[in-house]
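Here's the structure, in C-alpha cells; my notes come after.
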Amino acid sequence: MLKKIKGMFGPEDNTAEELEKELAEPAKPTPAPVETTFEQLKRGAGGDANRPLTREENRLTRKGKYELDQETRKLTPQGKTARLKYRLNWVMVWLVIGIVLTWLILIFA
C-alpha cells in the first residue's frame, strides 16, 4: 500500500499504464441476488398451472373475482379493467358522501 502511495507522489517516470496496473485490484465476486419469499415459492412451485393461488394472487384477484392468466399468474387486461372500475366506483361514492357532508355542515352550521 505504501509502495502504491509513493508511486503516486514520486517522480514522473512511471507511465499511466504502469500506475493503473499497480492500482488495479482483483475484482471482488458479486453476491448472489436476494430472492424474496414470493419468488422462492414461485420457483419451487414448478410449472403446474393448476396450483392454488398464493396469498398475493388471491388478494389481487379479490378471491377470484377478477380474471387471472394461468400461465403468468398476473391479471389479464379484462381483469385489470374490472379491478380499476371497482376501485374508481368506490372513490366516486366516497367523494359524493364527502361533498354531501360538506354541504350539510355549511348549510346547518
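FYI, the numbering just counts along the sequence from 1. What you are looking at is a predicted structure, and each value in this text was computed from that prediction instead of being measured.
Atom NZ of K65 and atom OH of Y86 lie 5.0 Å apart (nearest 0.5 Å). Separation of atoms CD (E56) and CZ (R73) is listed at 11.5 Å; rounding is to 0.5 Å. Expressed to the nearest 0.5 Å, how far CG of L84 lies from OH of Y66 amounts to 9.5 Å.
Linking ILVMFWY side-chain heavy atoms closer than 4.5 Å, directly or via other members, places V96 and V93 in two distinct hydrophobic clusters. By the criterion of side-chain heavy atoms lying less than 4.5 angstrom apart, applied directly or through intervening Ile, Leu, Val, Met, Phe, Trp or Tyr residues, L104 is not grouped with L106; the two fall into different hydrophobic clusters. By the rule that hydrophobic residues join a cluster once side-chain heavy atoms approach within less than 4.5 Å of another member, L101 and F108 end up as members of separate clusters. W94 and W103 are members of different hydrophobic clusters when ILVMFWY side chains are connected at heavy-atom separations under 4.5 Å. No path of Ile, Leu, Val, Met, Phe, Trp and Tyr side chains, each step under 4.5 Å between heavy atoms, connects I99 with M92, placing them in separate hydrophobic clusters.
The minimum heavy-atom distance linking T61 with L75 is given by the pair CG2-CD2, 3.9 Å.
N89 contributes a side-chain N or O that, together with a main-chain N or O of K85, makes up a donor-acceptor pair within less than 3.5 Å.
Each of K74, R83, R55 was evaluated against L60; a single residue qualifies, R83, per the side-chain contact (heavy atoms from CB on, under 4.5 Å) test.
Within 6.0 Å of NZ on K80 lie no more than 12 heavy atoms contributed by other residues, nucleotides or ligands.
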